[in-house]
Amino acid sequence: MTTSMGLSRVVWSNGGDRLYSFEQAAYFTQTSVPLIEQFVTLGLVEPTGTMLRRQDLVRVVQIQRLRRDLGLNLVGAAMVLDMAAEIAQLKAQLRVYQTDLRTRN
């Protein structure tokens with residue numbers, strides 16, 4: 001799954017997001033291309049073709065930090081991030097609901 005793209009080449013998605021080759025992702029996240037490929041294989045990040053978005057790089061770094069700090073495996077660390085995102089989304093929905101209730105009364 002590796003690409004032969006250099007580290008200095010900049011690619012943009014149709015939606016305007018900067019895209020990173022697996023080599024660039026490995027460089028910026030201080031990991032390796034095989035590890036980035038493992039993230040993709042496990043479904044922990046979802047590439048756009050053979051490229052990753054900035055949010056994928058952030059997720060790689062967060063998973064690596066959870067692995068280092070808490071000793072979690074890749075899938076466990078990804079589950080923690082997914083649950084944290086779900087909790088944040090539910091809190092935001094609750095705030096909207098509470099605000100709506102206050103404005104109705």
Side-chain angles (χ1 to χ4, degrees):
M1 284 187 110
T2 60
T3 63
S4 59
M5 213 174 288
L7 289 177
S8 62
R9 181 160 177 212
V10 177
V11 178
W12 299 92
S13 73
N14 291 338
D17 296 323
R18 179 171 178 189
L19 299 175
Y20 300 86
S21 69
F22 286 9
E23 289 87 359
Q24 291 170 323
Y27 175 80
F28 289 124
T29 60
Q30 299 179 354
T31 60
S32 65
V33 172
L35 185 59
I36 297 295
E37 290 172 340
Q38 187 177 11
F39 274 69
V40 171
T41 300
L42 292 172
L44 306 180
V45 294
E46 296 181 19
T48 302
T50 58
M51 307 287 284
L52 297 174
R53 296 163 297 173
R54 183 181 180 280
Q55 67 193 45
D56 298 317
L57 274 62
V58 169
R59 186 169 170 87
V60 168
V61 169
Q62 290 172 329
I63 290 172
Q64 288 295 89
R65 195 181 97 232
L66 287 169
R67 289 181 69 197
R68 182 189 68 235
D69 295 349
L70 301 178
L72 300 175
N73 64 25
L74 288 175
V75 175
M79 287 176 65
V80 167
L81 291 178
D82 292 344
M83 286 188 290
E86 181 76 19
I87 290 168
Q89 182 181 12
L90 290 170
K91 284 182 176 181
Q93 289 173 347
L94 180 61
R95 280 191 296 273
V96 169
Y97 176 73
Q98 289 171 334
T99 301
D100 188 45
L101 276 178
R102 277 188 237 123
T103 57
R104 287 183 183 188
N105 292 331

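Residue numbers start at 1 and run along the sequence shown.
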Same cluster or not: Leu42 versus Phe39, using hydrophobic residues (I, L, V, M, F, W, Y) connected whenever any side-chain heavy atoms lie under 4.5 Å apart?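 Same hydrophobic cluster.
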
Connected via hydrophobic side-chain network under 4.5 Å: Val10 and Val58: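 No, Val10 does not connect to Val58 through the hydrophobic network.
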
Which heavy atom in Leu57 sits nearest to a heavy atom in Ala25, and how many Å separate them?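 Residues Leu57 and Ala25, closest heavy atoms: CD1-CB, 3.9 Å.
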
Taking all non-hydrogen atoms of both residues into account, name the closest pair between Ala26 and Ser32 and its distance.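 Taking every non-hydrogen atom into account, CB-C, 3.5 Å.
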
Give every residue pair that meets the salt bridge (charged side-chain N to carboxylate O under 4.0 Å, His left out) criterion with at least one member in residues 94-105, sequence neighbours excluded.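 Counting only pairs at least two positions apart or across chains, the salt bridge (charged side-chain N to carboxylate O under 4.0 Å, His left out) contacts touching residues 94-105 are Asp100-Arg104.
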
Is there a side-chain contact between Val45 and Ile63 (heavy atoms, below 4.5 Å)?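 Answer no - side chains too far apart.
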
Heavy-atom check, side chain of Val40 versus side chain of Phe22, under 4.5 Å: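 Contact flag for Val40/Phe22 side chains = yes.
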
Contacts table for residues 79-92: side-chain donor-acceptor under 3.5 angstrom, sequence neighbours left out:
from: Asp82; atom 1: OD1; to: Arg59; atom 2: NH1; distance (Å): 3.0
from: Asp82; atom 1: OD1; to: Arg59; atom 2: NH2; distance (Å): 3.0

Between [atom1] on residue [X] and [atom2] on residue [Y], distance to nearest 0.5 Å:
X	Y	atom1	atom2	value
Thr50	Glu37	OG1	CD	10.5 Å
Leu74	Leu35	CG	CG	6.0 Å
Asp17	Leu52	CG	CG	12.0 Å

Gln64 versus Arg67, side-chain donor and acceptor atoms under 3.5 Å: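 Present: a donor and an acceptor within the cut-off.
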
Taking atom CD of Gln30 as the centre, report whether more than 12 heavy atoms of other residues, nucleotides or ligands fall under 6.0 Å from it.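 No, not enclosed.
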
Taking only residues two or more places apart in sequence or in another chain, which ones pass side-chain contact (heavy atoms from CB on, under 4.5 Å) with Glu46?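 If we apply the side-chain contact (heavy atoms from CB on, under 4.5 Å) test to Glu46, skipping adjacent residues, there are no hits.
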
